[in-house]
Amino acid sequence: MPEKPRVLFAREQDLDAAEFRRVLVDSGLGAWRPVDDLPRLADMIANANLVVTARLDDAANANPLVGVARSVTDWSWCAYLSDLAVSKTAQGLGVGRGLIDETRRVLGPRVSLYLFSVPDAAGFYESIGMARFADAFWFRRER
Ligand SMILES: CC(C)(COP(=O)(O)OP(=O)(O)OC[C@H]1O[C@@H](n2cnc3c(N)ncnc32)[C@H](O)[C@@H]1OP(=O)(O)O)[C@@H](O)C(=O)NCCC(=O)NCCS
């Protein structure tokens with residue numbers, strides 16, 4: 001059985017928008033994100049204050065990016081995890097769980113983490129112990 005690749009988790013506020021785009025596309029989340037609008041993706045990275053990445057520990061290949069967790073937070077009470085994406089080739093290896101663990105570690109115990117799940121990922125959030133919140137509300141963006 002091949003060994004599980006080592007994955008490096010880090011905060012990367014200056015993540016390149018094209019790299020972010022590639023993971024969105026490779027994960028499947030690109031179907032719900034503006035992957036044809038690179039300047040908007042660049043704004044999403046530049047104005048998010050907590051961007052955590054997962055990279056394969058493979059320096060010979062520039063430590064390829066395999067996962068991203070992009071959140072906005074006040075560092076004191078709440079954080080919204082807007083995008084969690086793991087490239088298909090790296091799914092099922094604990095990368096998604098690791099990205100959320102690292103996000104929570106950086107936020108610390110005083111900060112709640114919230115998100116909306118796409119239908120296919122709800123089982124993942126349940127399996128890592130997140131609670132469902134029935135009375136969530138939003139105004140949907142218009143474009
Ligand atoms: C959902 C996603 C982030 C999960 O990341 P991942 O690295 O594949 O998941 P992990 O390997 O960390 O899995 C952790 C646990 O969740 C389980 N799990 C993973 N995906 C699951 C799913 N879709 N449904 C149910 N359980 C799931 C795993 O079996 C594992 O359980 P275990 O600890 O008992 O073995 C990833 O599959 C992904 O990027 N999917 C496409 C994009 C997406 O849906 N993003 C979320 C948007 S809200």
Side-chain angles (χ1 to χ4, degrees), residues 1-59 61-75 77-109 111-143:
M1 204 169 149
E3 226 177 87
K4 230 175 147 178
R6 213 168 93 83
V7 177
L8 309 170
F9 296 96
R11 196 171 163 201
E12 266 189 80
Q13 293 305 127
D14 56 352
L15 178 65
D16 177 66
E19 266 195 302
F20 177 43
R21 178 183 188 280
R22 196 173 329 117
V23 167
L24 291 174
V25 171
D26 290 352
S27 68
L29 190 62
W32 291 276
R33 293 296 182 272
V35 292
D36 295 328
D37 187 346
L38 203 56
R40 193 170 185 185
L41 292 182
D43 280 347
M44 287 163 66
I45 293 291
N47 296 313
N49 52 1
L50 180 50
V51 178
V52 172
T53 60
R55 292 182 178 274
L56 296 185
D57 187 7
D58 179 5
N61 290 302
N63 297 331
L65 185 73
V66 292
V68 175
R70 190 185 72 88
S71 304
V72 288
T73 181
D74 59 16
W75 301 111
W77 185 255
C78 60
Y80 175 64
L81 173 54
S82 174
D83 312 318
L84 179 73
V86 176
S87 297
K88 283 217 166 79
T89 52
Q91 288 179 8
L93 301 174
V95 175
R97 179 195 294 273
L99 283 165
I100 290 193
D101 285 350
E102 181 61 8
T103 296
R104 294 183 68 204
R105 189 191 69 75
V106 174
L107 289 169
V111 179
S112 296
L113 184 63
Y114 308 86
L115 58 87
F116 290 115
S117 179
V118 299
D120 286 350
F124 162 74
Y125 295 113
E126 274 172 347
S127 82
I128 65 165
M130 290 187 84
R132 270 183 196 265
F133 199 82
D135 298 322
F137 299 89
W138 72 327
F139 288 115
R140 185 184 282 274
R141 69 185 68 75
E142 289 170 20
R143 52 204 175 95

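Start at 1 and go down the list; that is how both ligands and their atoms are numbered.
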At their closest point, which heavy atom of Cys78 faces which heavy atom of Tyr114, and how far apart are they? CB-CE1, 3.5 Å
Are the side chains of Met44 and Pro34 in touch, meaning some heavy atoms are under 4.5 Å apart? yes
Side-chain contact, heavy-atom cut-off 4.5 Å: Val72 with Ser82? no
Can you tell which of Thr103, Val111, Leu113 makes a side-chain contact (heavy atoms from CB on, under 4.5 Å) with Thr73? Val111
Protein residues having a heavy atom less than 4.0 Å from any atom of ligand 1: Ser27, Leu29, Leu84, Ala85, Val86, Gln91, Gly92, Leu93, Gly94, Val95, Gly96, Arg97, Phe116, Ser117, Val118, Asp120, Ala121, Gly123, Phe124, Tyr125, Ser127
Any pair counted as ring-ring contact (aromatic ring centres under 6.0 Å, His included), so long as it reaches residues 118-143, sequence neighbours left out: Phe116-Trp138
Would you say the side-chain atoms of Arg55 pair up with the backbone N or O of Asn63, donor to acceptor, closer than 3.5 Å? yes
